[in-house]
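Scroll down for the structure; my scribbles are underneath it.
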Number of protein chains: 2
Amino acid sequence: MSLRYAILGLLARQPSSGYELTRKFDSSLRTAWHAQHSQIYPELAKLEAEGLAEIIKRGARGSKTYGLTESGHDALRHWLVEVAPDRSQRNESAVRLFLTQLMAPRERRLAFERDLAYVHQQTAELRLIKDQLAPDEPFAPQVELGLRTNAVLSAWLQEQADAATREGGDGPQ
Amino acid sequence: MSLRYAILGLLARQPSSGYELTRKFDSSLRTAWHAQHSQIYPELAKLEAEGLAEIIKRGARGSKTYGLTESGHDALRHWLVEVAPDRSQRNESAVRLFLTQLMAPRERRLAFERDLAYVHQQTAELRLIKDQLAPDEPFAPQVELGLRTNAVLSAWLQEQADAATREGGDGPQ
DNA sequence: GTTGACATGTAACAAGTTACATGATTGA
DNA sequence: TCAATCATGTAACTTGTTACATGTCAAC
C-alpha cells in the first residue's frame, strides 16, 4: 500500500494532476519509490472513489488536479504515525553491489566506475536543488541526508574501484 | 528479473536449498532485495527447467540443494557485466522520511526515534558479522559500507529528532 | 506426544510493467 | 504541418503477497 500513501503524501504537500505526480515520482521521490503513470491514474481514481482525494480543478487538455479531502489527510496521518513501517526493500543496485565479487577484477572495476558516475550525477542534481531551496523550505534536511549518503557511497566506490585496479583491472580508463 | 539474478548470485556464492535461500533473503540480502519462499520455490523450478540451475544434492526432509550450471554462471555474468542496472527503488522507510514534515513535531520525533532504534539494531548485527568474518572473506567491504551508511543515517536521525524536540516535541522519552 | 524448526509446495489475490490507444496544445 | 510535450486512460502480462496445505525430524 506504499504507493497509495506516497500519492497521498505528494498531494498533501501540493495538489497535483496525475501527470505531475508521475514526474514527481521520477524526480523528488526517485530514491524512495517508483511508479508509472499507468499505476498512478487508476490509484487516483480509487482514492477519489473512496473519498480520500477529490478533483479541485479541471484545467487545459483534460487535466485534473487532485487534492486531499479531510479523510485523506486522516488516512495519511494514521499511516505515518500508527502503522509500523515495512522495512523490506527492492534495490537492484544493492543486489549488484552484493554480487560484485563474482566478477573478474576488470569487470568489477567497470561496474564500480559506472555506479560512481551515477552517484556523481545524482549528487550534482541534489546540489542544484539545495542551492535553489527557499530559506524556509522544510525539505532541506532530506537533501542534506542525500548528499551525506552519496559522499559515503562515492568514497566507498572509489576505494573499491582502486582495489579492483590493483587486483588486475588494468588501470583506469 | 532481479529476483532471478539475486537467486543465481546466491547459488553462485554457495549451493543452497530453497529454504536456505529464503533465510539468506532475510539476512544477508535484507537491505537489497526481499522475497518469500512462495516466490523462491517456483523460480528455482523455472531455473532448473531452463537449465540454469540443477539439483546437486537431495537431503533429509525432502530438501533439494541447487547449484548453478555452466549456462547459469553465464547468464549471471552476462547480467552483471552487460545489462544496464535498473536504478529504481522501492523503499517505504525512505517514503516516510520524505513525508516527515507532514507530522506534528511530537509524532515526527517519535518516528525518528523509531528509525534510530532500527538503525542501531542493524548496526549491531553488522558489527557482529564483521567480527566473525574470516580474514580472506571477500564480503568485508559490503559490511563496511553498511556500517558507514548507518553511521551517517543515525547521525542525521539524531539531529532531526533533536530538532523536532526543540520545535515542541516535549523532550526525549 | 507435542512443540518447534526444517522443508516444500500451490492458489487466490494485489501490485507493478509494458504496450497500446487517444487526444490537446505549443512552438518551430 | 510537424514534432514535442502535455495529459489521461486501458489491457495483457509479470511479479510479489497472503493464505492454505502438507509432511519430516529432533528435542523435550
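Throughout, a chain's letter reflects where its sequence line sits, starting with A, and its residues are numbered from 1.
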Between A/E92 and A/R96 (salt bridge meaning N to carboxylate O under 4.0 Å), is one present in this structure?
yes
Rounded interatomic separation in angstrom, taking NZ from A/K64 and C1' from D/dG9
9 Å
Could you check whether any side-chain heavy atom of B/H78 comes within less than 4.5 Å of a side-chain heavy atom of B/D74, counting everything from C-beta outward?
no
Looking at B/A151, is its backbone amide N or carbonyl O close enough to the side chain of B/W156 to form a donor-acceptor pair, meaning the two atoms are under 3.5 Å apart?
no
Hey, is the side chain of B/Y19 poking within less than 4.0 Å of OP1 or OP2 on C/dC6, counting only N and O atoms?
yes
Output one line per pair: protein atom, nucleotide atom from nucleotides 25-28 of chain C, and distance, for all N/O pairs under 3.5 Å.
residue	atom	partner	partner atom	Å
C/dT25	O4'	A/R61	NE	3.3

Check nucleotides 14-20 of chain D against the protein and report each pair of N or O atoms closer than 3.5 Å, with its distance, or say if there are none.
residue	atom	partner	partner atom	Å
D/dG16	OP2	B/Q39	NE2	2.4
D/dG16	O5'	B/Q39	NE2	3.0
D/dG16	O3'	A/R90	NH2	2.7
D/dT17	OP1	A/R90	NH2	2.6
D/dT17	OP2	A/R90	NH2	3.2
D/dT18	O4	B/S38	OG	2.7

More 5' along DNA chain D: A/P42 or A/S63, using each one's nearest nucleotide?
A/S63
Between P on C/dA15 and CG on A/L44, what's the gap in Å once rounded to a whole number?
15 Å
Minimum-distance pair of heavy atoms, taken over all atoms of B/R90 and A/H34:
NH1-O, 3.0 Å
Whole angstroms only, please: what is the CD1-C1' distance between B/I55 and C/dG9?
13 Å
Rounded to whole Å, CZ of A/F25 lies from C1' of C/dA15 at a distance of 13 Å
With distance as the sole test, does A/T69 use its side chain to make a donor-acceptor pair with the main-chain N or O of A/L52 at under 3.5 Å?
yes
Sub-3.5 Å donor-acceptor pair from the side chain of B/E43 to the main-chain atoms of B/I40, do we have one?
no
C/dT8 OP1/OP2 closer than 4.0 Å to side-chain N/O of B/Y41:
yes
Strictly below 4.0 Å, N to O, side chains only: are A/E159 and B/R148 in salt-bridge contact?
yes
Let me know the distance between CZ of B/R23 and C1' of C/dC6, rounded to the nearest Å.
8 Å
Without decimals, in angstroms, what is the distance between A/I7 CD1 and D/dT8 P?
13 Å
Could you tell me whether B/R30 sits above the aromatic face of B/F25, with NZ or CZ closer than 6.0 angstrom to the six-membered ring centre and within 45 degrees of the axis?
no
Charged N to carboxylate O below 4.0 Å: is that the case for A/E50 and A/K46?
no
Take atom CD of A/E48 and atom C1' of D/dG9, then tell me their distance rounded to the nearest Å.
14 Å
